[in-house]
There are 2 protein chains.
Amino acid sequence: MACDLDCDPSKEAMVREILERIADKWTLLVIEALDRETDIRFSRLQERVGNISQKMLTKTLRQLERDGLVTRRVHPTVPPRVDYRLTPLGESLGEAVCGMWMWVEKHVEAVEDARRTFDGRSERPAA
Amino acid sequence: MACDLDCDPSKEAMVREILERIADKWTLLVIEALDRETDIRFSRLQERVGNISQKMLTKTLRQLERDGLVTRRVHPTVPPRVDYRLTPLGESLGEAVCGMWMWVEKHVEAVEDARRTFDGRSERPAA
DNA sequence: CCGCATCCTGTCGGATACTG
DNA sequence: CAGTATCCGACAGGATGCGG
């Protein structure tokens with residue numbers, strides 16, 4: 001097995017809660033984007049992430065800000081400009097996220113193959 | 001930044017698709033459980049994961065099986081016994097997942113602090 | 001430009017009951 | 001015990017419009 005982490009049962013609940021928050025479709029992508037480019041504007045972030053609605057992006061950013069992973073800076077200019085960057089804590093998480101991302105990149109084909117096999121299996125019993 | 005992974009833009013879509021599937025509340029916990037204990041039965045898995053409904057557990061396991069990350073073995077006994085284990089591919093993913101898990105364990109307090117600060121900030125402007 | 005509030009819909013996901 | 005099917009509530013999340 002890869003690792004032992006039964007280290008502190010008392011933290012379990014909290015760990016899960018945080019893990020669930022982070023392991024969310026948008027959160028990972030946003031962290032990734034922030035990890036690639038720093039001091040990034042809202043609109044730019046939105047296009048970087050892909051097809052996230054501004055509602056979800058805002059929400060995700062607020063959560064990350066609340067968890068101390070992202071800093072939000074408002075420039076009192078007109079038109080207003082707001083940019084975001086990872087905190088040191090956020091950057092350290094970025095590494096872990098990258099680990100997942102890299103795993104996926106490395107194994108896309110393997111997964112695709114597995115899917116084809118699996119899907120084929122269901123369709124062709126004796127046809 | 002932690003890593004460069006613009007390596008293959010053509011795979012981007014697929015990478016995201018897979019990432020979204022994996023980066024799901026239950027999936028991570030299930031992989032984790034399977035990583036800790038192998039050849040584990042359905043019911044045991046369910047209690048290990050926590051409070052997952054059997055519907056979600058089944059669904060999650062099917063997806064993992066489809067993606068070639070988990071092997072499902074049915075023992076033709078009565079009462080029926082089914083157990084699950086990670087494939088080698090699944091185990092390699094387990095490592096990445098552990099990375100996230102360990103990050104969380106390490107930084108629970110930091111996140112909790114950040115939250116308290118953030119939440120306090122909203123409540124107490126001058127009270 | 002940023003992002004909040006509202007409305008509305010699809011999907012997630014739990015509880016329950018039934019089959020092998 | 002393991003898994004499927006059904007029903008149904010909750011909420012994620014998109015579209016739109018307003019406010020700073």
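Chain identifiers are assigned alphabetically (A, B, ...) following the order of the sequence lines, protein sequences preceding nucleic acid strands; residue numbering begins at 1 within each chain.
- Residue A/His75 contributes atom NE2, which lies 11 Å from atom P of C/dC2 at whole-angstrom precision.
- One interatomic measurement links the two molecules: CD of B/Gln46 to P of C/dG14, which rounds to 10 Å at whole-angstrom precision.
- As rounded to whole Å, 11 Å separates atom P of C/dC2 from atom CD1 of A/Ile40.
- By the side chain to side chain donor-acceptor pair (under 3.5 Å) test, B/Thr27 pairs with B/Asp24, sequence neighbours left out.
- Residues that satisfy the side chain to side chain donor-acceptor pair (under 3.5 Å) test with A/Arg66, not counting sequence neighbours, are B/Asp119.
- Qualifying salt bridge (charged side-chain N to carboxylate O under 4.0 Å, His left out) partners for A/Arg16, counting only residues two or more places apart in sequence or in other chains: A/Glu12.
- In this structure, the CE atom of A/Met56 is 13 Å from the C1' atom of C/dA5, given to the nearest Å.
- Axis angle across the helix from C/dC1-D/dG20 to C/dG20-D/dC1, with five pairs used at each end and values rounded to 10°: 40°.
- Closest to the side chain of B/Pro80, out of C/dC1, D/dC1, D/dG13, is D/dC1.
- The separation between A/Leu57 atom CG and D/dA12 atom C1' is 15 Å, rounded to whole Å.
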Polar atoms only, N or O, under 3.5 Å: list the protein pairs with nucleotides 3-6 of chain D and their distances.
unit_1 : atom_1 : unit_2  : atom_2 : d
D/dG3  : OP1    : B/Arg62 : NH2    : 3.4
D/dG3  : OP1    : B/Arg72 : NE     : 2.7
D/dG3  : OP1    : B/Arg72 : NH2    : 2.6
D/dG3  : OP1    : B/Tyr84 : OH     : 2.7
D/dG3  : OP2    : B/Tyr84 : OH     : 3.0
D/dT4  : OP1    : B/Arg62 : NH1    : 3.3
D/dT4  : OP2    : B/Arg62 : NH1    : 3.3
D/dT4  : O4     : B/Gln54 : NE2    : 2.6

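- Contacts of A/Glu17 classified as side chain to side chain contact (heavy atoms under 4.5 Å, CB included), with partners at least two apart in sequence or in another chain: A/Met14, A/Arg21, B/Arg115.
- The nearest whole Å value for the distance from the NZ atom in A/Lys59 to the C1' atom in C/dC4 is 14 Å.
- With sequence neighbours left out, the ring pair (Phe, Tyr, Trp, His ring centres under 6.0 Å) criterion links B/Trp26 to no other residue.
- When the side-chain nitrogen and oxygen atoms of B/Arg41 are compared with OP1 and OP2 of D/dC1, none of them lie within a distance under 4.0 Å.
- Here the closest heavy-atom approach between residue A/Leu89 and residue A/Ser92 is recorded as O-OG, 2.6 Å.
- Annotation: side chain to side chain donor-acceptor pair (under 3.5 Å) contacts of A/Glu65 (sequence neighbours excluded): A/Arg62.
- For the salt bridge (Lys or Arg N to Asp or Glu O under 4.0 Å) condition, the pairs that include at least one residue of residues 68-88 of chain B, sequence neighbours left out, are B/Asp39-B/Arg73, B/Asp39-B/Arg85, B/Arg73-B/Asp83, B/Arg81-B/Asp83.
- Residues from residues 17-31 of chain A with heavy atoms under 4.0 angstrom of DNA chain C: there are none.
- A/Glu112 meets the side chain to side chain donor-acceptor pair (under 3.5 Å) test with no other residue; sequence neighbours excluded.
- Judged as a side-chain hydrogen bond (donor to acceptor under 3.5 Å, both in side chains), not a single pair has a partner in residues 50-61 of chain B (not counting sequence neighbours).
- Rounded to an integer number of Å, the gap from A/Arg73 CZ to C/dC2 P is 14 Å.
- There is a path of hydrophobic side-chain contacts, each under 4.5 Å, that joins A/Val74 to A/Val70.
- Between B/Ser43 and D/dA2 there is a side-chain polar atom (N or O) within less than 4.0 angstrom of OP1 or OP2.
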